[in-house]
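Notes to accompany the following structure.
Quick note on labels: first sequence line is chain A, next is B, and so on, each numbered from 1. Remember, it's a predicted structure, so these values are computed and weren't measured experimentally.
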Amino acid sequence: MAEEKGKITPQVEDFPQWYQDVVREGDLAEAAKVVKGCMVIKPHGYAIWEKIQADLDRRFKETGHKNAYFPLLIPMSFLNKEAQHVEGFAPEVAVVTHAGGKALPEGEQYAIRPTSETIIGHFFSKWIDSYRDLPLLINQWANVMRWEVHTRLFLRTTEFLWQEGHTAHADHDEAYEEVLRILDLYGDFAQNVMAMPVIRGIKTESEKFAGAVQTMSIEAMMRDGKALQAGTSHDLGQNFGVAFDVKFQNEEGREDYVWQTSWGVSTRLIGGLIMTHSDDTGLILPPKLAPVQAVIVPIFRKAHEKEKVLPAAAGLRDELKAAGVAVELDDREGKRPGEKYYEWERKGVPIRIELGPRDIESGEAMTKLRIADGKVKMPIATLAQDLGGVLDGFQDFLLERAVKFREDNTVTIDSWDDFTDVFKDGESRFAWCHWDGTAQTEAAIKEETKVTIRCIPLDGQGPDPEPGKCIKTGKPSARRVLFARAY
RNA sequence: CGGGGCGUAGCGCAGCCUGGUAGCGCGCCAGCUUUGGGAGCUGGAUGUCGAAGGUUCAAAUCCUUUCGCCCCGACCA
């Protein structure tokens with residue numbers, strides 16, 4: 001299973017290896033190796049993250065949130081203030097025990113943030129006095145660290161990049177609206193920007209965030225049938241408000257604790273992007289997130305051809321750029337066109353434009369869509385105005401294909417035999433099944449099959465509620481929930 | 001923590017059993033010929049053989065210790 005350069009293992013042969021190969025060949029990231037569990041996000045991978053950031057950041061601001069930044073280090077005592085929170089995160093926290101050349105006394109040690117509810121809670125308590133200070137809507141773009149045993153590039157790394165929203169409200173209804181608003185924002189982003197369809201739902205008690213009253217998530221299906229939790233939005237109730245004494249005076253003049261929410265998406269989204277669209281040739285990027293949407297490969301043999309082709313290619317590049325297309329002219333010398341084709345395909349560029357003497361002569365350039373088998377001639381003169389539509393069509397195609405894949409791999413199951421059959425040998429699909437609602441049954445199913453409840457769907461996100469019998473125990477169930485193996 | 005495996009050029013590996021002073025493929029550099037789907041030829045550069053100690057005239061190779069990494073299980077999301 002070599003890290004053989006240039007080779008992409010077929011999906012059906014070895015999916016995890018395929019994933020690693022696509023990340024490497026797409027030049028997205030590599031394992032840092034010198035720092036356990038961490039990765040280096042390479043320029044092409046980081047450019048995707050920047051596009052994700054830009055779109056989300058705009059959406060956060062449009063919904064009234066403001067960016068801020070809090071310290072990387074959190075006093076250990078802060079983490080300990082919320083009982084469930086510390087229980088959930090303590091095992092995976094890295095702690096600073098030495099600084100300034102000296103060992104720090106235990107009471108002065110710091111955790112490297114695994115998430116920032118605690119330190120933000122501390123500052124919220126200083127900033128909030130009155131209902132007039134609410135709602136307080138803050139977002140932070142940051143890195144966090146969780147000491148995980150098993151790491152995989154983008155999907156689970158020790159250090160990762162994310163955004164974490166933290167809001168405080170005067171009552172629970174308003175906080176809950178915020179939780180839903182953000183879940184919807186994430187869902188819309190996943191669907192319309194990433195072309196990754198998701199199911200919005202509520203996490204079970206055992207899967208919810210440590211310290212939350214309720215956790216909601218968006219769940220996406222990867223091409224191996226497994227589920228990826230792609231974003232979460234938490235209703236924190238007054239748990240952190242009480243723990244950090246975030247009190248305010250309400251309109252009636254009485255003191256109350258604030259109602260908080262927190263929510264986040266991370267560089268894991270890039271892993272989801274890869275496992276939703278890419279194929280055995282390598283990365284495929286939706287145009288809305290592709291750092292390079294179109295690449296021009298000039299073709300020439302003789303010097304006099306080069307003199308004609310290169311200026312024409314540069315002119316076309318400038319035209320496309322002016323039309324708002326993220327275009328790159330690959331005029332590197334010493335590489336032949338064929339090699340360039342392969343390279344840009346592995347990097348997921350949606351469309352390639354081949355420009356040679358013949359094309360200039362005929363006024364039509366040869367174009368190749370990353371998702372199509374054949375090449376298509378397009379008039380050079382109108383390429384700049386035509387390309388937008390082509391890219392939109394590409395974006396739509398990816399979403400439709402992903403939706404269809406998910407539909408084809410979603411089942412409704414009513415017997416335990418069928419359940420174990422669907423999930424045999426490590427396979428996975430999305431399965432809508434009845435569940436008796438108890439943590440014991442959930443744990444028993446997980447123990448026996450490693451399959452988990454991904455979420456209890458919100459209205460319209462799954463089958464309509466209808467009573468039935470639990471797939472495992474036969475006890476009454478009010479509605480079907482989503483089962484799958486998960487990343 | 002239990003089981004297994006691996007550290008030799010930038011990457012992937014051979015050499016180790018049977019000790020004799022470093023090799024292959026890819027990549028890189030130069031030149032020429034090439035260029036519409038991964039180019040060919042010629043020449044060239046690159047190594048504390050993971051580390052420390054020992055045996056020996058001589059250690060990548062044998063012995064001891066040690067560090068690191070990977071896989072399976074366990075644990076975790």
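- Among the heavy atoms of the strands lying under 4.0 Å from A:K368 is at least one base atom, whether or not backbone atoms are also near.
- On the C1' atoms, B:C63 is 13 Å away from B:G19, given to the nearest whole Å.
- Using a 4.0 Å heavy-atom criterion, one finds that A:R358 contacts the bases of the nucleic acid, with or without backbone contacts as well.
- Aromatic ring centres of A:F419 and A:F423 lie closer together than 6.0 Å.
- Of the candidates B:C76, B:G38, B:U35, B:G38 carries the atom nearest the A:E339 side chain, counting heavy atoms from C-beta on.
- Residues A:L369 and A:P350 are not in side-chain contact: their nearest non-hydrogen atoms beyond the backbone lie 4.5 Å or more apart.
- For A:I299, the listed nucleotide lying nearest its side chain is B:G36; candidates were B:G37, B:A39, B:G36.
- Side-chain contact between A:W435 and A:I453 is present, with heavy atoms from C-beta onward closer than 4.5 Å.
- Spacing of C1' atoms, B:A22 relative to B:U61, comes out at 12 Å, to the nearest Å.
- Take the nearest nucleotide of RNA chain B for A:Y487 and for A:M366: the residue whose nucleotide is more 5' is A:M366.
- By the 5.5 Å and 30° criteria, A:Y342 is stacked with the base of B:G38.
- Among the heavy atoms of the strands, none lies under 4.0 Å from A:E333.
- Stacking of A:R268 on the aromatic ring of A:F160 is not recorded, the 6.0 Å distance cut-off and the 45° axial limit not both being met.
- Residue-to-nucleotide contacts include no donor-acceptor pair under 3.5 Å from the side chain of A:E343 to the base of B:G37.
- The nearest whole Å value for the distance from the CD atom in A:E305 to the P atom in B:U34 is 12 Å.
- Taking the P atoms as reference points, B:G68 lies 16 Å from B:A52, given to the whole Å.
- Considering only the side chain of A:R346, B:G38 comes nearest among B:G38, B:G36, B:G37.
- For A:Q17 and B:G12, the CD to C1' distance is 13 Å, given to the nearest whole Å.
- Going from atom CZ of A:R332 over to atom P of B:C28 covers 11 Å, rounded to whole Å.
- Residue contacts for A:P91: at a heavy-atom cut-off of 4.0 Å it reaches no nucleic acid atom on any strand shown.
- In this structure, CH2 of A:W147 is placed 18 Å from P of B:A77, rounded to the nearest angstrom.
- Below the 3.5 angstrom threshold, one finds a donor paired with an acceptor across the side chain of A:R352 and the base of B:G37.
- B:C16 sits 9 Å from B:C62 when the P atoms are compared, rounded to a whole Å.
- At whole-Å resolution of the value, CD in A:E148 and P in B:A77 are 8 Å apart.
- Nucleotides B:G4 and B:U8 are separated by 22 Å at their C1' atoms, to the nearest Å.
- Side-chain rings of A:F244 and A:F78 approach one another, their centers coming within less than 6.0 Å.
- Pair assignment for B:G68 gives B:C6, based on Watson-Crick or G-U wobble hydrogen-bonding distances that are each under 3.5 Å.
- Aromatic pair A:F209/A:F89: centroids less than 6.0 angstrom apart.
- B:A59 and B:G31: their C1' atoms are spaced 41 Å apart (whole Å).
- Across every strand in view, B:G12 sits in a pair with B:C24 that passes the Watson-Crick or G-U test at under 3.5 angstrom.
- Atom CE of residue A:M145 and atom CD of residue A:E92 lie 12.0 Å apart, to the nearest 0.5 angstrom.
- Comparing B:G23 with B:G47, their P atoms are spaced 13 Å from each other, to the whole Å.
- In this structure, B:G47 makes no Watson-Crick or G-U wobble pair, since no nucleotide meets both defining distances under 3.5 angstrom.
- Between the side chains of A:H234 and A:T215, at least one donor N or O lies within less than 3.5 Å of an accepting N or O.
- Residue A:K450 contributes atom NZ, which lies 12 Å from atom P of B:C72 at whole-angstrom precision.
- The partner of B:G31 is B:C41, judged by Watson-Crick or G-U wobble contacts that both fall below 3.5 Å.
- If you measure from atom CD1 of A:I8 to atom C1' of B:G38, you get 12 Å, rounded to the nearest angstrom.
- Here the side chain of A:R156 is nearest to one of B:U35, B:A77, B:C75, namely B:A77.
- Atom C1' of nucleotide B:G36 and atom CG of A:D359 are separated by 8 Å, given to the nearest angstrom.
- Scanning atom types as modelled, one donor and one acceptor separated by under 3.5 angstrom connect the side chain of A:K375 and the base of B:G37.
- Residue A:R152 places none of its side-chain N or O atoms closer than 4.0 Å to OP1 or OP2 of B:A77.
- A:E92 comes within contact range of the sugar-phosphate backbone alone, with a heavy-atom separation under 4.0 Å but no base atom that close.
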